[in-house]
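Only one structure is covered here, and it is reproduced in the block below.
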Amino acid sequence: MTIHISHNSSNKKVVGKTRDGRKVKKVTTSPRSTCPQGCEHHPDNGGTCYAETGYHLKMHWDKVSEGKRGTDFETFLKDIESIPEGDAWRHNQAGDLLGYDHNPANTIDSEALGKLAKANTGKRGFTYTHKEIEPSKFVNATTAKANLEAITKANQDGFTVNLSANGIAQADRYFKTGNPVAVTVPEDTPEKTTSPEGNKIVVCPVQTEKAKNCAQCLLCQRGKRKVIVAFRVHGNGKNKFKAIA
């Protein structure tokens, strides 16, 4: 399985200069086979994934998924280690965390994630995962627990892994784990709101024009934040999202 790193990404929503003068320019992509079946944006669940609806990103993702772009994991780790200390980088603009060969979509390879967290030492890497941490029709209790333990360990080691929730109710449950949480919401969601369980929800500052890009914001990189980050549904999939929300 190949994994790709763009050393000078053209993803304008992500790259740019941070508020402390550093640059964010490295973005990675993992194959589709890593995408969990329980994700609300999965093709089997409505097909609202933004990476599938954007022409250029989809074309790039196709090539990574087919093994035509990218490197093996060990070479990828060396690329991550070469990132200058203090720089931020975005893991998986498309795709998810690597899983075990027997079920790459729904499991998390804890050893691989541990190596990635180690390679990130001194850097400010961050990502999101839809890998399930609760038992479902796709994962049993043992797998769900192992997934959560791997994510929690990565966050403790300084590599920020946001738990991507399917809806506010799940976001509230995820928030109790102590890990950072993100959730997709309808496009008319207020900039600041509160969940049913009293957790603060803040819409992505890039979407509300409080920041120009992820680099200028880096709210999602803050692993110990006290708010749930909400992303208003956008792009070609927003009408489908309304239908399944």
Side-chain angles (χ1 to χ4, degrees), residues 1-16 18 22-36 39 41 49-51 54 57 60-61 63-65 69-99 104-105 107-131 133 147-148 150-164 179-182 204 206 213-215 217-225 229 231:
M1 180 182 294
T2 61
I3 187 167
H4 184 271
I5 180 169
S6 298
H7 290 280
N8 289 284
S9 174
S10 59
N11 189 334
K12 295 181 180 179
K13 292 181 179 180
V14 177
V15 301
T18 65
R22 307 301 288 263
K23 288 184 178 180
V24 177
K25 57 183 181 179
K26 300 183 188 298
V27 175
T28 75
T29 306
S30 293
R32 278 188 185 83
S33 59
T34 61
C35 290
C39 173
H41 306 293
C49 178
Y50 75 94
L57 180 53
H60 171 62
W61 200 15
K63 292 182 179 180
V64 173
S65 299
R69 286 183 181 175
T71 62
D72 62 88
F73 185 64
E74 294 303 322
T75 302
F76 173 75
L77 289 178
K78 292 178 181 178
D79 283 335
I80 299 304
E81 290 173 350
S82 72
I83 294 174
E85 187 168 343
D87 275 11
W89 60 282
R90 163 72 190 274
H91 186 38
N92 288 341
Q93 61 178 337
D96 210 301
L97 299 173
L98 296 183
T107 61
I108 293 176
D109 185 331
S110 59
E111 182 179 1
L113 183 55
K115 289 181 177 179
L116 181 56
K118 183 177 180 180
N120 177 68
T121 301
K123 293 89 172 173
R124 293 185 286 176
F126 68 102
T127 191
Y128 309 83
T129 183
H130 259 105
K131 302 280 189 177
I133 61 168
N147 284 348
L148 177 58
I151 292 166
T152 301
K153 181 66 164 55
N155 278 305
Q156 292 173 343
D157 290 344
F159 178 57
T160 304
V161 181
N162 290 273
L163 294 171
S164 293
N179 291 290
V181 179
C204 166
V206 177
N213 45 45
C214 290
C217 175
L218 289 181
L219 177 59
C220 290
Q221 194 279 322
R222 289 165 49 192
K224 297 181 180 180
R225 63 176 186 269
V229 176
F231 293 95

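For residues 108-125, the pairs satisfying salt bridge (Lys or Arg N to Asp or Glu O under 4.0 Å) are D20-R124, E74-K115, E111-K115, with sequence neighbours left out. The salt bridge (Lys or Arg N to Asp or Glu O under 4.0 Å) contacts involving residues 24-34 comprise R32-E52, R32-D62, where partners must be two or more places apart or lie in separate chains.
M1 CE to L98 CG: the interatomic distance, rounded to the nearest 0.5 Å, is 6.0 Å. Between the OG1 atom of T121 and the CD1 atom of I83 there is a distance of 11.5 Å, given to the nearest 0.5 Å. To the nearest 0.5 Å, atoms CG (D96) and SG (C39) are separated by 8.0 Å. The distance from atom CG of L97 to atom OG of S30, rounded to the nearest 0.5 Å, is 7.5 Å. Separating the CD1 atom in I108 from the CG atom in N147 is a distance of 4.0 Å, to the nearest 0.5 Å.
Partners of K23 by side chain to side chain contact (heavy atoms under 4.5 Å, CB included), not counting sequence neighbours: none found. Remark: T75 pairs with D72 by the side chain to side chain donor-acceptor pair (under 3.5 Å) rule, at least two apart or across chains. Listed by chain and residue number, C49, L57, W61, A94 satisfy the side chain to side chain contact (heavy atoms under 4.5 Å, CB included) test with A51 (two or more places apart in sequence, or in another chain). Residues forming a side chain to side chain contact (heavy atoms under 4.5 Å, CB included) with S164 (at least two apart in sequence, or on another chain): Y128, H130. Under the side chain to side chain donor-acceptor pair (under 3.5 Å) criterion, T2 pairs with no residue, sequence neighbours left out. In this view, T29 and H60, Q93 satisfy the side chain to side chain donor-acceptor pair (under 3.5 Å) rule, not counting sequence neighbours. In this structure R22 satisfies the salt bridge (charged side-chain N to carboxylate O under 4.0 Å, His left out) test together with D87, sequence neighbours excluded. Checked against side chain to side chain contact (heavy atoms under 4.5 Å, CB included), S82 has no partners two or more places apart in sequence or in another chain. Taking the side chain to side chain donor-acceptor pair (under 3.5 Å) definition, one finds that N179 meets it with T152, N155, T177, sequence neighbours left out.
Nearest approach of G122 to E85, heavy atoms of both residues: O-CG, 3.3 Å. Heavy atoms only, all atoms of each residue included: G95 and C35 are closest at CA-SG, 3.9 Å. What you find for P180 and G223 is that their closest heavy atoms are CD-O, 3.4 Å. Between F76 and T71, the shortest heavy-atom distance links the atoms N-OG1, 3.6 Å.
Ring pair F159/H91 is tilted by interplanar angle, where 30° to 60° counts as tilted.
Among D157, T28, I80, I3, the one residue that satisfies the side-chain contact (heavy atoms from CB on, under 4.5 Å) test with L116 is I80.
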Practice item. In sequence, state the C-alpha distance, the side-chain angles, and the governing distance for V14 and N213, and then conclude on side-chain contact (heavy atoms from CB on, under 4.5 Å). Key: CA-CA 5 Å; V14 177; N213 45 45; over 6 Å; no
Practice item. Could you go through the side-chain contact (heavy atoms from CB on, under 4.5 Å) check for V161 and F126 one step at a time? Key: CA-CA 6 Å; V161 181; F126 68 102; over 6 Å; no
Practice item. Verify side-chain contact (heavy atoms from CB on, under 4.5 Å) between F231 and C220, making sure each step is shown before the conclusion. Key: CA-CA 11 Å; F231 293 95; C220 290; 3.8 Å; yes
Exercise for review: Check step by step if side-chain contact (heavy atoms from CB on, under 4.5 Å) holds for K131 and L163.
Suggested key: CA-CA 8 Å; K131 302 280 189 177; L163 294 171; over 6 Å; no
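I5 is not listed as a side-chain neighbour of W89, based on a closest heavy-atom distance of 4.5 Å or more.
Between the side chains of R225 and N162, at least one donor N or O lies within less than 3.5 Å of an accepting N or O.
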